[in-house]
Amino acid sequence: MTKADIIENVYENVGISKKESAKIVETVFEIIKEKLETGENVKISGFGNFTLRDKDPRRGRNPQTGDEIEISARRVLTFRPSQVLKRMLNN
Amino acid sequence: MTKSELIKLVSEKLTNITKKDMKVIVDIIFDSMIDALKSGERIEIRGFGSFKIKDRDARCGRNPKTGDLVSIPNTKTLYFKAGKELKERVDY
């Protein structure tokens, strides 16, 4: 499934144009991205939580050369599906 | 941000649609994603990320309280991988 399929779904189920559907779908994902960018977690009930995690710097190795390198501190995004969604996927 | 806050922000940006209708539309977006995942389909949203179902084999676990062996059936789990753009945007 791609964004185009989601847009199609909205268009088929709601009485709005395809252009309008596309605009809404784009806006939904853009707002989620904007919030995550500012460091805010996003919780979608019935779907899951997008959580930001701050990782400390750590030592790693280049797997190809074996050289030791420093992996810098960073913020990463994780997703945890909701209990409801987990249950739905398993029956 | 919660889903209701998301709906509020989207309707403030696209004012030609009522908040009530926007709620219906946002629900359709996530429901259609859930339907795709239920049928085992992978989802890829450009610039955002991808969702993929993985099978986990049945395994033996232990009840942490009693120490009894329990069998854990095979389960489907959902993985999300942030896309390049989003990964870069959330990092500082």
Side-chain angles (χ1 to χ4, degrees), chain A residues 1-16 20-21 23-55 72-82 84-91, chain B residues 1-14 16-17 21-22 24-56 73-83 85-92:
Chain A
M1 169 181 254
T2 63
K3 202 151 54 183
D5 297 314
I6 299 174
I7 292 164
E8 186 68 32
N9 256 311
V10 171
Y11 168 70
E12 280 170 13
N13 287 289
V14 190
I16 54 173
E20 199 71 43
S21 308
K23 210 169 163 191
I24 296 167
V25 173
E26 295 286 356
T27 307
V28 164
F29 286 107
E30 189 48 42
I31 288 174
I32 295 174
K33 286 194 277 187
E34 276 169 17
K35 285 290 164 187
L36 293 170
E37 193 176 9
T38 64
E40 206 180 307
N41 293 333
V42 175
K43 301 194 277 187
I44 307 293
S45 69
F47 190 74
N49 296 350
F50 294 92
T51 313
L52 295 159
R53 297 175 77 161
D54 289 318
K55 310 268 262 185
S72 59
R74 62 194 61 204
R75 179 172 282 168
V76 296
L77 175 62
T78 59
F79 172 73
R80 283 194 62 180
S82 77
V84 182
L85 179 53
K86 270 194 207 164
R87 229 175 290 134
M88 277 198 275
L89 295 174
N90 281 293
N91 61 26
Chain B
M1 179 175 72
T2 61
K3 192 165 77 177
S4 48
E5 286 164 349
L6 171 66
I7 292 162
K8 189 170 164 265
L9 289 170
V10 181
S11 24
E12 278 167 9
K13 240 181 184 170
L14 307 172
N16 54 328
I17 290 165
D21 287 343
M22 198 59 87
V24 174
I25 296 167
V26 170
D27 282 335
I28 289 172
I29 293 174
F30 290 107
D31 286 345
S32 70
M33 288 169 74
I34 291 170
D35 283 341
L37 293 169
K38 276 203 284 194
S39 64
E41 219 183 299
R42 187 185 121 93
I43 303 176
E44 189 180 331
I45 313 284
R46 278 284 168 82
F48 189 79
S50 58
F51 297 89
K52 194 178 165 188
I53 302 284
K54 281 188 190 170
D55 285 307
R56 290 180 79 183
N74 59 319
T75 49
K76 289 189 186 342
T77 46
L78 176 57
Y79 284 89
F80 171 72
K81 199 174 165 230
E85 184 207 324
L86 185 55
K87 230 183 198 171
E88 282 165 6
R89 280 174 68 175
V90 301
D91 199 6
Y92 35 67

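As a basis for the values below, the full set of heavy atoms in this structure was taken, side chains included, without hydrogen atoms, waters or symmetry mates. The sequence lines fix the lettering, A, B, ..., with proteins before strands; numbering per chain opens at 1.
- Only the side chain of B/V26 comes within less than 4.5 Å of a heavy atom in chain A; its backbone stays farther off.
- Residue with the most contacts toward chain A among B/E88, B/K76, B/K81, B/E85: B/K76 (heavy-atom pairs, distance under 4.5 Å).
- B/M1 pairs with exactly one of A/I44, A/I31, A/T38, A/L36 by the side-chain contact (heavy atoms from CB on, under 4.5 Å) rule, that one being A/I31.
- Residue contact with chain A, scored on non-hydrogen atoms closer than 4.5 Å, involves the side chain of B/I53 exclusively.
- Heavy atoms only, all atoms of each residue included: B/M33 and A/F47 are closest at CE-CZ, 3.8 Å.
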Please evaluate residues B/L6 and A/V42 with respect to the criterion side chain to side chain contact (heavy atoms under 4.5 Å, CB included), reporting the C-alpha separation (whole Å), side-chain torsions for both, the decisive distance (0.1 Å), and the verdict. CA-CA 9 Å; B/L6 171 66; A/V42 175; 5.9 Å; no

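- When A/I24, A/L85, A/V10 are compared by the number of non-hydrogen pairs under 4.5 Å with chain B, A/I24 comes out ahead.
- With a 4.5 Å cut-off on side-chain heavy atoms, B/I45 and A/I6 count as touching.
- Interface remark: A/E37 contributes backbone and side-chain atoms alike to the contact with chain B (heavy atom separation under 4.5 Å).
- Proximity to chain A is limited to the side chain of B/L14, based on heavy atoms less than 4.5 angstrom apart.
- Heavy-atom pairs under 4.5 Å with chain B were tallied for A/V25, A/I32, A/L52; the largest tally goes to A/I32.
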Mind running salt bridge (charged side-chain N to carboxylate O under 4.0 Å, His left out) on B/K13 and A/E30 for me, showing each step along the way? CA-CA 11 Å; B/K13 240 181 184 170; A/E30 189 48 42; over 6 Å; no

Could you go step by step and tell me if B/I25 and A/I16 meet the side chain to side chain contact (heavy atoms under 4.5 Å, CB included) rule? CA-CA 10 Å; B/I25 296 167; A/I16 54 173; 4.0 Å; yes

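- Interface remark: B/N16 contributes side-chain atoms only to the contact with chain A (heavy atom separation under 4.5 Å).
- Contacts between B/M22 and chain A at a heavy-atom distance below 4.5 Å involve the side chain alone, from C-beta outward.
- Contacts of B/Y79 with chain A are absent, with no heavy-atom separation under 4.5 Å from either backbone or side chain.
- Interface remark: B/R42 contributes backbone atoms only to the contact with chain A (heavy atom separation under 4.5 Å).
- Contacts between B/L9 and chain A at a heavy-atom distance below 4.5 Å involve backbone atoms as well as side-chain atoms.
- Summarising the geometry of A/G46 relative to B/I34, their closest heavy-atom pair is O-CD1, 3.6 Å, with the distance given to 0.1 Å.
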With side chain to side chain contact (heavy atoms under 4.5 Å, CB included) as the criterion, how do A/K35 and B/E5 come out once you've worked through the C-alpha distance, each side chain's angles and the decisive distance to 0.1 Å? CA-CA 11 Å; A/K35 285 290 164 187; B/E5 286 164 349; over 6 Å; no

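- Both the backbone and the side chain of A/N9 come within contact range of chain B, judged by heavy atoms closer than 4.5 Å.
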